[in-house]
Amino acid sequence: MRKVNVVILVLLGVAFLIIIQRNLLNLSDFLHKETTHTGAILPFEAELSPDFRVDVARTGDEIPVVISAAEERLGAAVAAMNSIYQNTKANVVFTVVTLNDTVDHLKVWLSSPRLKNIKYKIVLFKPELLIGKTPKNSQLVETTKPLTFARYYLPSYLPEAEKAIYLDDDIIVQGDIKDLYETSLKSGHAAAFSDDCDSASAKGIVRGAGNQNNYIGFLDFKKEAIKQLGMRANTCSFNPGVIVANLTEWKNSNITGQLEHWMTLNTQEDLYSKTLAESITTPPLLIVFYKRHSAVDPMWHIRHLGTTGAGNRYSPQFVKAAKLLHWNGHYKPWGRGSSFTDVWDKWFIPDPTGKFYPIRRHGGEK
């Protein structure tokens, strides 16, 4: 009888332990689910300031993002990187293309607490690559600065990558950069751009140059070299401030070599339109990628925020909904006269060295 009782007690004890273990496992699963849920949502709630967003585990394959960083515009590049990083949980790795005299300043800035988890590498651009390829015109000093042409050499920065995103520094990303990276490129296409006739950005007016939505706004169709290409002058142009690049196809098609060819030829034959008000970077790209590029979702490149009247062209609601904002034009969000500077300010991180600051915040415009 005693043996039976002992057996019963042992069985009851085992059953009790099994019940306790299951309850503990269920509690553990519950807590794990709650932690995962909170970690996935909290960093991306729109009402939270970037100052208070917590870092999350970065998952998946690397997403290479290339951005140039000129010394006088370094705050722009940092703000762009911050906006990209804070709005995704993808494994973004930045390649920052700059010049030797900017490296130390850049490293100090990127060591700021809010940027300490960002993955990046710094690549030095070699200005000697441009010898004999840019016009010697004092009026074009601003548009012929070396880093303006950094986008021409994308595969050299990422020799192992098959795909990458290039972004100008005067942008802010509000969507998940992974969505842009997953832009589908057609077979044989080395890049995707936003066409200038595809969205609310299409009617952007470039100050001093009129409506530049087509090729004739950038190229001189009276020149023989342009005539021989057989391009239609009214073809929609595109903006190369945002590029999704197939680097394998870029190398196979020798896109860099083709761009350098047209740069050099322009110094000899002056092939660009006389109405062109800004960058001389776009014309070679328009030639090389004529009818050979894929399209970027229009909401991933809302342009002309740096032009006169941008505040009237776009509503605050539209700007808030946009995935990527581009202040191309004369008025930059860190300077005077720009629209929607409050959006840019949200992502700006003060310069630890005090060298860079938004101009409007000083003097009589604090």
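The model shown is predicted, which means the values in this text are computed figures rather than measured ones. Values reported hereafter were calculated over all heavy atoms of this structure, with side chains retained and with hydrogens, waters and symmetry mates removed.
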[X] with [Y], same ILVMFWY side-chain cluster at under 4.5 Å:
X	Y	answer
Leu185	Val296	yes
Ile287	Ile216	yes
Leu115	Ile84	yes

(request) Could you tell me whether Glu249 and Lys163 have a side-chain N and a carboxylate O separated by less than 4.0 Å? (result)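 No, no charged N to carboxylate O under 4.0 Å.
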(message) What verdict does the side chain to side chain donor-acceptor pair (under 3.5 Å) test give for Tyr152 and Gln258, after you've listed the backbone C-alpha separation in whole Å, the side-chain angles of each residue and the deciding distance to 0.1 Å?
(response) CA-CA 10 Å; Tyr152 286 10; Gln258 293 185 58; over 6 Å; no
(request) Verify ring-ring contact (aromatic ring centres under 6.0 Å, His included) between Phe94 and Tyr120, making sure each step is shown before the conclusion. (result) CA-CA 4 Å; Phe94 294 97; Tyr120 69 90; 8.5 Å; no
Do we see a donor-acceptor contact under 3.5 Å between the side chains of [X] and [Y]?
X	Y	value
His105	Thr353	yes
Asn239	Ser194	no
Trp250	Thr256	yes
Tyr166	Asp168	yes
Asn266	Lys133	no
Asp170	His326	yes

Test item: [X] side-chain N/O and [Y] main-chain N/O as donor-acceptor pair under 3.5 Å:
X	Y	value
Ser294	Lys186	yes
Asn87	Ser83	yes
Asp195	Cys236	no
Ser237	Asn213	yes
Arg151	Pro240	yes

(request) Give the intermediate values and the outcome of salt bridge (Lys or Arg N to Asp or Glu O under 4.0 Å) for residues Asp176 and Lys323. (result) CA-CA 8 Å; Asp176 187 340; Lys323 303 296 184 181; over 6 Å; no
(message) Checking side chain to side chain contact (heavy atoms under 4.5 Å, CB included) between Leu247 and each of Ile255, Asn252, Leu158, which is the one that passes?
(response)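 Among Ile255, Asn252, Leu158, the one meeting side chain to side chain contact (heavy atoms under 4.5 Å, CB included) with Leu247 is Leu158.
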(message) Suppose we call two aromatic rings close when their centres sit under 6.0 Å apart. Are Tyr215 and Phe221 close by that rule?
(response)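 When the ring centroids of Tyr215 and Phe221 are compared, they turn out to be at least 6.0 Å apart.
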(message) Taking the ring centre of each residue, are Phe289 and Phe193 less than 6.0 Å apart?
(response)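 Centroid separation for Phe289 and Phe193: below 6.0 Å.
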(request) Please round to the nearest 0.5 Å and tell me the distance separating atom CD1 of Ile172 and atom CH2 of Trp327. (result)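 Taking CD1 in Ile172 and CH2 in Trp327, the distance rounds to 5.5 Å.
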(request) Describe, in one word, how the ring planes of Phe356 and Phe348 are oriented to each other, choosing from parallel (under 30°), tilted (30 to 60°) and perpendicular (over 60°). (result)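 Because their plane-to-plane angle lies in the 30° to 60° range, the rings of Phe356 and Phe348 count as tilted.
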